[in-house]
Each structure stands twice: as C-alpha cells, then as structure tokens.
Amino acid sequence: QAQLVESGGGLVQPGGSLNLSCVASRFPLEVYEVAWFRQVPGNEREGVSCMSSEDGATYYLDSVKGRFIASRDNGKATFYLQMNNLKPEDTATYFCATDFIRPENIATMCLNAHEYEYWGQGTQVTVSS
C-alpha cells in the first residue's frame with residue numbers, strides 16, 4: 001500500500017531547528033513532485049515548499065525563504081524539510097505530499113494543496129519558549 005509517513009516534529013525554542021522527514025512507500029518519486037504544507041486550526045493548508053522531479057527546482061513560501069531547505073533522496077524514497085531559525089509563527093501541523101504535476105504548471109501550482117492527492121498524516125511543530 002502506498003503511503004507517506006512523516007517524522008521529526010516536536011517542540012523547539014525560537015531560533016532552533018528541526019528536520020522533518022517523509023518516507024514515501026511505493027510512489028514513483030522520480031516522476032512525482034514532492035511538497036511540504038502546514039496548517040493551523042481554522043486556516044487553510046499552506047504550501048511551504050515544493051520540489052520538481054524533473055529538474056530539482058524548488059519553490060518556497062516567502063516567509064520561510066532563507067530559513068527552510070527542502071531536499072529529496074529518491075534512492076531512499078524520502079524527502080526532507082530542514083527548518084532553521086524557527087519562529088513562533090511557524091507553529092503548525094506539517095504535512096508532506098506528493099503527486100504528478102504537469103511540468104508547465106509546476107512553477108505556478110506546486111504550492112497549491114489542490115494539486116496533490118497523496119498526503120501524510122501530519123507531524124506537529126511547536127515553536128515556543
């Protein structure tokens with residue numbers, strides 16, 4: 001059964017770091033885009049980062065640029081989100097997602113949650129002193 005399983009969330013102080021992992025079992029990651037989203041209660045799911053399978057181009061939410069780094073290891077069927085200099089406003093449940101997106105749409109659509117059918121269960125990240 002194909003599934004996505006996140007890990008790495010937790011409680012961290014402001015300025016700290018966390019590294020989220022998502023193991024993607026039985027997905028063709030060599031042709032699927034991978035992404036991270038986050039959600040707080042009452043808000044819509046927000047795209048944090050996405051990475052193209054075709055050329056590795058990576059896109060970020062403006063508020064995390066320079067702090068978060070997305071990466072993928074297709075050989076390990078795993079993708080990652082390294083989060084540095086965390087802020088209280090980064091507190092949310094983080095979800096990994098994967099799906100195929102037409103290449104001509106990746107730049108404009110890959111941070112859109114509606115583009116993804118396959119989701120992990122979520123991992124909580126809390127940034128607080």
Side-chain angles (χ1 to χ4, degrees):
Q1 179 178 348
Q3 62 177 351
L4 299 173
V5 179
E6 300 107 334
S7 62
L11 172 65
V12 64
Q13 292 186 344
S17 298
L18 286 173
N19 189 23
L20 305 184
S21 300
C22 182
V23 178
S25 300
R26 300 186 180 181
F27 286 101
L29 289 190
E30 63 276 8
V31 296
Y32 272 25
E33 282 53 63
V34 296
W36 290 94
F37 290 79
R38 66 187 183 188
Q39 189 170 26
V40 297
N43 287 8
E44 291 187 357
R45 200 162 287 190
E46 177 179 57
V48 176
S49 74
C50 59
M51 180 178 286
S52 166
S53 64
E54 187 176 49
D55 59 9
T58 308
Y59 305 88
Y60 294 97
L61 179 69
D62 283 347
S63 63
V64 308
K65 287 179 180 177
R67 300 189 296 122
F68 290 11
I69 302 171
S71 61
R72 63 195 293 169
D73 185 337
N74 289 350
K76 294 182 178 180
T78 303
F79 52 106
Y80 308 91
L81 184 67
Q82 175 67 41
M83 304 187 296
N84 301 316
N85 190 21
L86 282 159
K87 303 177 180 181
E89 52 263 41
D90 294 318
T91 295
T93 301
Y94 283 71
F95 298 87
C96 59
T98 190
D99 211 332
F100 174 78
I101 300 175
R102 295 173 64 89
E104 62 269 28
N105 293 335
I106 289 174
T108 56
M109 300 299 290
C110 78
L111 288 175
N112 186 328
H114 297 292
E115 293 295 311
Y116 298 87
E117 179 177 352
Y118 307 105
W119 294 85
Q121 81 286 357
T123 185
Q124 180 65 34
V125 171
T126 302
V127 185
S128 175
S129 56

Please check if the side chain of Q3 supplies one atom and the backbone of S25 the other of a donor-acceptor pair under 3.5 Å. no

Short question: side chain of D99, backbone of E117 - any donor-acceptor pair under 3.5 Å? yes

Give the intermediate values and the outcome of ring-ring contact (aromatic ring centres under 6.0 Å, His included) for residues W119 and F37. CA-CA 10 Å; W119 294 85; F37 290 79; 5.0 Å; yes

Between D62 and K65, is there a salt bridge with N-O shorter than 4.0 Å? yes

Q124 side chain to T93 side chain, donor-acceptor N/O pair below 3.5 angstrom: yes

Hey, mind stepping through Y118 and Y32 against side-chain contact (heavy atoms from CB on, under 4.5 Å) and telling me if it holds? CA-CA 11 Å; Y118 307 105; Y32 272 25; 4.0 Å; yes

Quick one about S17 and N84 (side-chain donor to acceptor, distance below 3.5 Å, no hydrogens or angles considered), yes or no? yes

Looking only at heavy atoms, what is the nearest atom pair of E30 and S53, with distance? O-CB, 3.5 Å

Under 3.5 Å, is there a donor-acceptor pair between the side chain of E33 and the main chain of I101? yes

Within 45° cone of Y80 ring axis and under 6.0 Å: R72 NZ or CZ: no

Would the distance check show the side chain of R67 and the main-chain N or O of N85 forming a donor-acceptor pair, the cut-off being under 3.5 Å? yes

Counting N and O atoms only, with roles assigned by atom type, does the side chain of Y60 sit under 3.5 Å from a partner on the main chain of A70, one being a donor and the other an acceptor? yes

Given 3.5 Å as the limit, does a donor-acceptor pair link the side chain of E115 with the main chain of C110, or not? no

Which of these passes side chain to side chain contact (heavy atoms under 4.5 Å, CB included) with V125: T91, L20, L11? L20

Treating N43 as the side-chain partner and V40 as the backbone partner, does any N or O pair qualify as donor plus acceptor under 3.5 Å? no

Should I106 and Y59 be marked as a side-chain contact (heavy atoms from CB on, under 4.5 Å) after you check the CA-CA gap, both sets of side-chain angles, and the distance that decides it? CA-CA 9 Å; I106 289 174; Y59 305 88; 3.9 Å; yes

Grab the two heavy atoms, one from L81 and one from S49, that are nearest each other, plus how far apart they are. CD1-OG, 3.7 Å

With respect to F79, which candidate in N74, V34, V23 satisfies the side chain to side chain contact (heavy atoms under 4.5 Å, CB included) definition? V34

